[in-house]
Each structure stands twice: as C-alpha cells, then as structure tokens.
K.L.:
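Once you've had a glance at the structure underneath, I'll fire off some questions.
Atoms within a ligand are numbered from 1 in the order they appear, just like the ligands themselves. The figures that follow rest on heavy atoms only: side chains count, while hydrogens, waters and symmetry mates do not.
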Amino acid sequence: MKKTLYFIMGLILMIGGCKSGNAPFTGKALAIIPAPVSITEMNGDFIFSGKSKIILSVLDSETRLAADCLADFVRNPTGIDLSVEEGSKPVKGSVFMTLDSAINNDEGYELTVTPKKIVVRAKSAVGLFYAVQTIRQLMPVEVESPLVVEGLVLSVPACAIKDEPRFGYRGMHLDVGRHMFPVAYIKRYIDMIALHKMNTFHWHLTEDQGWRIEIKKYPNLTETGAFRKETLIGHGGKKPFTYDGKPYGGFYTQDEVKEIIAYAASKFITVIPEIEMPGHAMAALASYPNLGCTKGPYEVQTRWGVFDDVYCAGKEETFNFLQDVLTEVIELFPSEYIHIGGDECPKTRWEKCPLCQKRIKDEGLKNESELQSYFVQRIEKFVASKGRRIIGWDEILEGGLAPEATVMSWRGTTGGIAAARQKHDVIMTPSTYVYIDYYQCEPQGEPLAIGGYLPLEKVYSYNPMPGELSQEEQKYILGVQGNLWSEYLSTPVYMEYMAYPRMFAIAEIGWAPDRLKDFEDFLARFEAQKKRYDAIGINYFKGEYRDTRAQAK
Ligand code: ACM
Ligand code: ZN
C-alpha cells in the first residue's frame with residue numbers, strides 16, 4: 001500500500017512539475033560535481049580488467065573503506081573482484097592509492113589516470129575516498145548497477161586532477177520531526193551526500209510534532225511523543241485549519257540510529273544529532289508534562305509553527321531530563337558536535353512562570369533572553385563535561401552566546417557575521433539561499449511547499465564567505481549546510497524531489513573555489529550526470545533550474 005502511494009506520488013510529481021527549462025548540454029566531458037580545483041584531460045582510457053588490483057600504501061580500516069568502495073563499483077556491474085592489497089608502488093593495469101603528507105588539505109587528493117594505471121595521492125583516507133567518488137563519476141553510469149551488465153567495458157578517461165575542498169564543513173540537514181523517512185531513504189540521502197563529497201549529516205530528531213529517537217530512560221518520549229493524532233491538511237499559514245484525521249508517527253530505535261551512524265561513517269560522514277531546546281519541545285512535554293511551566297496537559301502538535309509551551313527553565317527537573325537524554329545521545333553519536341537547537345523559543349510562558357522568574361532573580365539575569373542564554377550555557381557546560389561541543393541556531397546569540405558555542409546562521413547571514421566577529425565558529429545556512437524546502441520554481445502546479453522561491457541558480461549563486469568579514473574573522477566560517485525541513489515533505493519521493501539537484505549545488509559552493517563557480521558549466525555537468533542519477537533512481541526535480549524572476553527584473 002505504502003509503495004503504491006509513493007509510486008502515485010512520484011507520478012504526480014513527474015507530471016505536475018514545472019515546464020522543462022533544462023540547459024542545452026554543452027558537452028562537458030569530465031562532468032564532475034562538485035567541480036574539482038584543477039583538471040587536465042589527457043588521451044586514452046584506463047580499463048579495468050580481471051587482473052586489476054587496488055594497491056594501498058597503507059592498508060588499514062580507514063583506507064580499506066575507500067578501496068572497498070571502488071572495488072564494489074567495479075564488482076557490481078562486471079563481476080570482477082579486485083583484490084585489495086598493501087604495496088609500495090604502482091603496478092600496470094592497477095589502481096595505486098597512497099597516503100602522502102605533502103598534500104596540504106586533510107580532505108584533498110590528486111588523481112592521475114593514464115591508460116596504464118590510476119594513481120591516487122591523499123593526505124588521509126577521506127581524500128582517497130573522495131578520489132573514488134571522482135573516479136565513480138568518470139566511469140560509465142553502469143557502475144551504478146547492482147547487477148552484472150553483459151559486455152560492459154569499465155573505463156576511466158585519462159586525466160590529472162588536483163582537488164581539495166574550500167570549506168571543512170559541508171553539510172546537509174534533514175528534519176524527521178514533522179515527517180519521518182525510512183532508514184533506507186536516509187541511507188540514500190547519505191549516499192548522495194557522500195557522492196558529492198560532503199562530510200556532515202545534521203539529523204534533526206526532535207520537534208513539536210514528533211520525538212523520533214529512542215531514549216531508554218524516558219520511554220514515554222517514543223510511546224507518546226513519537227505519535228500525533230492527525231496532521232494538518234494544506235498550508236500552516238491558512239485558516240481555518242483542517243486535519244486529515246489519521247494518526248501519524250514513529251521513531252528510530254537506538255539500533256537503527258547506530259546503523260545509520262555506522263553507514264555514514266563508512267562514507268566518512270559525521271552525523272550530528274539535534275535535540276531541540278528550549279523551544280520546539282511539545283512532543284517532549286506531551287510525554288513528560290512536568291517539564292513545562294504550566295504542567296499541561298500538552299499534545300504532540302498536529303500543525304506547523306511555533307508554540308508557546310517550551311521547557312521550563314526554572315525547574316531542575318528540566319535540566320536533569322535533558323542531561324539524561326544528552327547522555328544517551330552522546331553515547332550513541334561519536335560526533336564532536338551536538339546540536340541543541342535554540343531557535344524560535346517564545347518567552348510567553350517564562351514571563352508568567354514563578355519558577356522561571358525566580359531563576360531570573362536568583363541568577364541575576366536581566367530578562368527572558370538572558371534566561372535562554374543561561375539555559376544554553378548550562379547545557380553547554382554539561383556537553384563540554386562529556387568532551388563534546390554545542391551548535392545552536394543563531395537565536396543563541398540573543399542574551400549572550402555560550403562561551404564555546406558554534407552558531408548556525410539561518411535567519412540570513414547577520415547572525416553568522418556577528419558570531420564570527422565574537423570569535424565563534426559559524427556554519428552558514430541562510431534560509432535565503434539554502435533552505436531547500438522552499439519552492440524551486442514558480443509555485444503554480446507544484447506540490448505544496450512552505451513558501452519562498454529558491455531555484456537552483458539562486459542556491460548556486462550563494463557564496464558562504466561573507467564579504468563583510470576581515471580575513472581574521474573569516475577563519476571562523478567553517479562552511480555551509482543545506483537544510484531540508486519536512487513540514488510538507490510527507491513522502492520520501494517528495495523529499496528527494498526537493499533535495500535534488502539543489503543539494504548538488506550546495507555541495508559545489510562548499511567545495512569549489514569561488515573563482516571557478518559557473519552556473520552554466522554546473523548545469524552542463526548536471527545534465528551529463530543525469531543518466532547516473534537516473535540509474536541510482538533518485539527522484540530529482542526536472543523543471544526550470546534558472547532564476548527566472550531575477551532574469552525578469
Ligand atoms: C529554523 O529554521 N527554525 C532553524
Ligand atoms: Zn517555567
């Protein structure tokens with residue numbers, strides 16, 4: 001039944017999409033996304049044979065991941081089982097992967113393909129893995145086939161590539177609170193992150209409309225908090241509200257969470273969990289009503305928006321609860337960073353709550369903004385005591401930043417600029433450029449979205465480094481992330497439709513030097529790689545990629 005639904009949804013999306021406005025294919029031979037820093041095309045092709053091997057200068061569990069990834073892409077469509085072995089020099093007909101401390105960037109690599117051999121140099125295993133992603137994109141699309149393709153010649157065009165990322169943080173976010181997606185789809189999302197040389201998956205796990213991660217100490221979070229009684233029909237800004245009358249919910253067990261973290265790690269991707277506080281907490285409050293200022297009763301929310309009921313900042317019980325939750329989260333996730341949310345927290349309840357007011361008085365705080373800052377700083381101390389660091393949305397600037405906090409700038413770039421000037425690390429994720437839940441073309445005929453207008457060209461135009469910052473301040477800009485909020489993404493098919501190809505543009509702005517960015521060239525490479533995305537089977541948007549509103553001006 002579910003499968004049929006996704007299929008029908010897919011058909012609707014395909015038929016109902018915007019008018020085609022694809023770029024004419026300009027014949028880019030080496031269509032790599034994100035664009036490498038330097039690339040020289042040479043004559044001839046390397047061809048994998050039954051005698052080919054993968055030779056690693058250092059064979060350990062990390063370098064083996066890169067080698068195995070390449071071996072899988074060769075084995076699946078050809079049946080050729082490349083041996084992976086340790087060795088000190090290249091061999092004719094084989095791939096030689098070597099770790100080389102002369103390469104500057106931790107994630108950088110150099111790839112030389114000749115008809116005789118392939119040689120990859122990288123500072124570390126992740127660079128080898130990224131070279132494999134490049135080799136993959138250079139091979140015929142049949143490498144994406146899980147089954148043997150009769151008569152396939154697996155060739156790689158001769159070339160010399162030197163490559164490294166512009167930013168160390170290149171992330172994609174996914175909200176599973178509003179709608180959740182099967183583990184298999186999250187793995188596919190991670191596959192796409194890896195194929196495009198991004199290194200972080202920010203997993204937004206708790207929301208007003210659903211708590212999605214099993215916490216052993218607090219079973220109500222998933223017994224109660226993971227389910228809502230129904231879901232809003234239509235847009236959240238449109239009254240009167242009507243609902244579908246269908247219960248919705250689910251959660252990821254700790255075993256599933258571990259499976260996803262391990263899967264991501266095998267592709268050199270860090271998973272950053274987000275546990276929202278003090279706002280966007282209705283599902284937690286519905287599960288444990290004592291954690292709110294009014295004690296409820298509360299309900300897991302059935303419509304989208306921002307809600308007045310948030311964690312009570314006056315109660316010790318709130319901090320004990322959150323510390324227990326974070327303890328389990330930190331045990332599960334090896335990520336240095338733990339995202340604690342911090343956005344969109346109304347102060348309405350805190351203004352009236354005697355315990356919150358007492359806290360303000362006792363701690364000598366000026367107002368409720370400082371109370372939020374107190375809240376975040378307390379959580380930061382706890383997270384730091386476990387050897388980890390916090391990230392928060394840019395509202396955590398209000399009332400004073402926690403001393404070591406990293407800021408995600410989402411309300412434009414102002415918060416990011418302010419944080420960098422305060423010598424805090426920043427990840428740029430402005431809604432104006434990288435909120436890919438926004439419409440990607442004119443909304444007429446499109447499936448319902450939250451609003452906005454963010455075509456591929458506009459996403460691509462974003463430069464994550466704010467020009468306003470001095471060179472010294474620019475060091476605090478760690479990178480860029482695309483955000484995918486799921487209020488309106490009720491199926492995985494629609495989730496993919498919104499994610500791709502805008503994710504690929506975000507990958508390129510995080511990787512390629514700004515001087516190399518060229519939208520027409522990017523479009524041509526995307527056009528050339530569409531066969532690969534088709535072979536992988538993702539549902540990417542096929543309509544107008546250009547910013548027609550900008551052109552109309
Ligand atoms: C956000 O979009 N509320 C971070
Ligand atoms: Zn309170």
K.L.:
Tell me whether R378 is salt-bridged to E363, with the criterion being a basic N under 4.0 Å from an acidic carboxylate O.
P.N.:
no
K.L.:
Under a 3.5 Å cutoff, is there a donor and acceptor pairing between the side chains of N220 and S287?
P.N.:
no
K.L.:
For the residue pair W393 / E274, report whether a side-chain donor-acceptor contact shorter than 3.5 Å exists.
P.N.:
yes
K.L.:
Backbone N or O of Y545 within a donor-acceptor pair of the Q440 side chain at under 3.5 Å?
P.N.:
no
K.L.:
One thing to verify: whether R546 and E457 come together as a salt bridge, which I'm taking to mean a side-chain N less than 4.0 angstrom from a carboxylate O.
P.N.:
no
K.L.:
What protein N/O/S atoms lie closer than 2.8 Å to the Zn ion (ligand 2)?
P.N.:
C293 SG, C312 SG, C353 SG, C356 SG
K.L.:
Does a side-chain N-to-carboxylate-O contact under 4.0 Å join E331 and K217?
P.N.:
no
K.L.:
With a 4.0 Å heavy-atom cut-off, what residues sit around ligand 1?
P.N.:
D343, E344, W393, W410, Y435, W485
K.L.:
Is there a donor-acceptor contact under 3.5 Å linking the side chains of Q372 and E395?
P.N.:
no
K.L.:
Walk me through whether E207 and W485 qualify under side-chain hydrogen bond (donor to acceptor under 3.5 Å, both in side chains).
P.N.:
CA-CA 11 Å; E207 257 308 334; W485 299 98; over 6 Å; no
K.L.:
Any side-chain donor-acceptor pair under 3.5 Å between Y453 and T548?
P.N.:
yes
